[in-house]
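Only a predicted model underlies this, so the values are computations on that prediction, with no experimental measurement involved. In what follows, chains are A, B, ... by sequence order, proteins preceding strands, each numbered from 1.
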There are 2 protein chains.
Amino acid sequence: MAYQRSERMQRRIASNREGIVAAARLLVSKGGLREARMEAVASEAGLSTGALYRYFPSKADLFVDVLNAAVDREIVILDEIVNGPGSARERLTDAVASFVRRALRGPNLAYAFIAEPTEADVDAARILCRMRFGEVFKAIIRSGIENSEFRAQDVDASAACIVGAFTEALVGPIAPSTRGVEDEDRLIGAVSSFCVAAVVGVVMPCQ
Amino acid sequence: MAYQRSERMQRRIASNREGIVAAARLLVSKGGLREARMEAVASEAGLSTGALYRYFPSKADLFVDVLNAAVDREIVILDEIVNGPGSARERLTDAVASFVRRALRGPNLAYAFIAEPTEADVDAARILCRMRFGEVFKAIIRSGIENSEFRAQDVDASAACIVGAFTEALVGPIAPSTRGVEDEDRLIGAVSSFCVAAVVGVVMPCQ
DNA sequence: TCAAAAAGTGAATGCTAGTTCACTATTTGG
DNA sequence: CCAAATAGTGAACTAGCATTCACTTTTTGA
């Protein structure tokens with residue numbers, strides 16, 4: 001009869017896999033993608049480099065997973081806000097503010113997610129993750145347009161612009177070369193006002 | 001007596017240097033930073049790899065130059081618009097539209113400037129270049145606030161948001177993995193409307 | 001024309017990780 | 001307990017490039 005994993009073994013394998021992802025995530029959050037070498041990940045996870053390749057076919061694959069897992073977490077948080085109570089405007093404000101605040105708290109991870117140099121494969125995954133964030137914002141924009149809180153607009157483009165806007169406003173503060181914010185709340189307020197104004201966009205008051 | 005460069009020699013050296021930068025730029029615009037290896041740059045410039053190192057101490061230094069040169073060009077164009085005639089709103093619209101249009105025309109160069117994976121040194125330069133773009137937009141925003149076309153706002157943050165917004169809206173269209181725009185003019189319109197609305201930001205009409 | 005100085009050459013070097021693979025250890029089903 | 005199958009090890013291998021350097025060619029100033 002063929003070899004078949006016992007339940008205990010299945011658990012071990014699953015937990016190894018999670019351990020690898022967690023180890024990679026930890027290393028990224030400590031020192032950026034730069035510091036997250038396969039050897040370091042392996043030793044952090046308590047495995048050998050060879051073992052990693054039983055779980056992930058390549059470094060890029062592993063980090064795509066790490067990225068997606070991190071993004072999943074963020075999206076859960078954002079979705080809660082997006083699907084929560086409040087006007088579209090309020091929800092947009094809160095969503096942007098929440099993202100920016102969290103990014104400032106975990107700059108390495110945020111930088112890795114947003115902008116840190118990596119190999120092209122991982123970068124491609126990053127672009128897709130950004131689009132996933134875009135989806136969240138599309139939902140708010142749509143609901144805002146529906147109830148006339150927001151102007152008519154190209155939802156796809158606006159969502160991308162929002163993601164880009166807060167992302168870029170963060171790059172200075174989170175990039176290792178220029179890191180440091182003086183007034184966190186001020187930045188958060190400015191960025192969320194910008195995004196709200198952009199989608200609300202009632203251009204001339206009383207004409 | 002010490003060796004001293006004749007005028008002819010000075011010209012040759014200057015033209016070599018320019019040639020190297022031009023070669024690198026050409027390679028980037030053809031195949032992205034990826035394809036722009038030192039050996040390729042050297043052969044495109046009609047020199048040996050060794051010679052490159054008489055002109056630039058490292059690859060990163062060379063590409064910082066390339067980047068800055070490319071950005072200089074763009075900034076000249078933008079400055080013309082910014083310092084030209086028209087309301088702040090019009091100038092902002094034109095500046096954003098012009099940048100986006102040019103980026104779509106030269107996607108490889110734009111991608112290299114905006115987002116392509118590279119070594120950390122070059123990336124740091126890229127961040128600085130983005131900030132240079134930010135400066136251009138700060139000027140428009142300031143003038144718009146001054147004459148009450150635009151709401152009061154954090155100029156630094158808004159400028160970063162604008163750069164981020166059009167940048168991100170471009171990433172999908174210019175990234176090799178997802179390249180392709182259906183309707184260029186639609187995108188341009190959507191992005192510039194977004195930016196204008198964001199800085200104008202009269203939020204409640206007639207309250 | 002000549003020797004010192006500088007410019008230019010390009011094959012060889014070196015470095016940095018990612019990846020492999022011959023081998024050992026563990027697990028499985030009987 | 002045994003043999004087949006799978007999991008895990010980590011030193012060695014590899015590949016891709018940037019960078020160097022011993023050497024050739026050109027330029028300079030007298």
Between [X] and [Y], is any pair of side-chain heavy atoms under 4.5 Å apart?
X: A:Y53; Y: A:L62; value: no
X: A:I162; Y: A:L92; value: yes
X: B:R151; Y: A:S193; value: yes

Length of the line joining [X]:[atom1] and [N]:[atom2], which is rounded to integer Å:
X: B:E119; N: C:dA17; atom1: CD; atom2: P; value: 13 Å
X: B:K59; N: C:dC15; atom1: NZ; atom2: P; value: 19 Å
X: A:R17; N: D:dA7; atom1: CZ; atom2: C1'; value: 16 Å
X: B:Q10; N: D:dT27; atom1: CD; atom2: P; value: 15 Å
X: B:F56; N: D:dT19; atom1: CZ; atom2: P; value: 13 Å
X: B:Q4; N: C:dA4; atom1: CD; atom2: C1'; value: 15 Å
X: A:F63; N: C:dG18; atom1: CZ; atom2: C1'; value: 11 Å

[Y] backbone acceptor or donor facing [X] side chain under 3.5 Å:
X: A:Q153; Y: A:V199; result: yes
X: B:R89; Y: B:V196; result: no
X: A:R25; Y: A:V66; result: no

Report summary line: So, with a heavy-atom separation below 4.0 Å from DNA chain D, the residues of residues 23-41 of chain A are none
Query raised in the report: Do the side-chain N and O atoms of B:R132 and B:N68 include a donor-acceptor pair separated by under 3.5 angstrom?
Result: yes
**Report entry** B:E146/B:R142 under salt bridge (Lys or Arg N to Asp or Glu O under 4.0 Å): CA gap, chis, key distance, verdict
**Finding:** CA-CA 6 Å; B:E146 240 163 64; B:R142 274 200 209 95; over 6 Å; no
Query raised in the report: Taking the six-membered ring of A:F63, is the NZ or CZ of A:K59 close enough (under 6.0 Å from the centre) and on axis enough (within 45°)?
Result: yes
Report summary line: Exactly one candidate in B:V28, B:N108, B:L109 meets side-chain contact (heavy atoms from CB on, under 4.5 Å) with B:L33; the answer is B:V28
Review item, nucleotides 7-10 of chain C N/O atoms under 3.5 Å of protein N/O:
{"from": "C:dA7", "atom 1": "OP1", "to": "B:R5", "atom 2": "NE", "distance (Å)": "3.1"}
{"from": "C:dA7", "atom 1": "OP1", "to": "B:R5", "atom 2": "NH2", "distance (Å)": "2.8"}
{"from": "C:dA7", "atom 1": "OP2", "to": "B:R54", "atom 2": "NH1", "distance (Å)": "3.3"}
{"from": "C:dA7", "atom 1": "N7", "to": "B:R54", "atom 2": "NH2", "distance (Å)": "3.1"}
{"from": "C:dG8", "atom 1": "OP1", "to": "B:R12", "atom 2": "NH2", "distance (Å)": "3.3"}
{"from": "C:dG8", "atom 1": "OP1", "to": "B:N16", "atom 2": "ND2", "distance (Å)": "3.0"}
{"from": "C:dG8", "atom 1": "OP2", "to": "B:Y55", "atom 2": "OH", "distance (Å)": "3.0"}
{"from": "C:dG8", "atom 1": "N7", "to": "B:R54", "atom 2": "NE", "distance (Å)": "3.2"}
{"from": "C:dT9", "atom 1": "OP2", "to": "B:S48", "atom 2": "N", "distance (Å)": "2.8"}
{"from": "C:dT9", "atom 1": "OP2", "to": "B:S48", "atom 2": "OG", "distance (Å)": "3.1"}
{"from": "C:dT9", "atom 1": "O5'", "to": "B:S48", "atom 2": "OG", "distance (Å)": "3.4"}
{"from": "C:dG10", "atom 1": "N7", "to": "B:T49", "atom 2": "OG1", "distance (Å)": "3.4"}
{"from": "C:dG10", "atom 1": "N7", "to": "B:G50", "atom 2": "N", "distance (Å)": "3.4"}

Report task. Measure from the side chain of A:Y53, starting at C-beta and using heavy atoms only, and say which of D:dT19, D:dT28, C:dG18 lies closest. Result -> C:dG18
Report task. Kindly check if the number of other-residue, nucleotide or ligand heavy atoms within 6.0 Å of CD (A:E39) is above 12? Result -> no
Query raised in the report: Which angle, rounded to 10°, do you find between the first-five-pair axis and the last-five-pair axis of the helix from C:dT1-D:dA30 to C:dG30-D:dC1?
Result: 10°
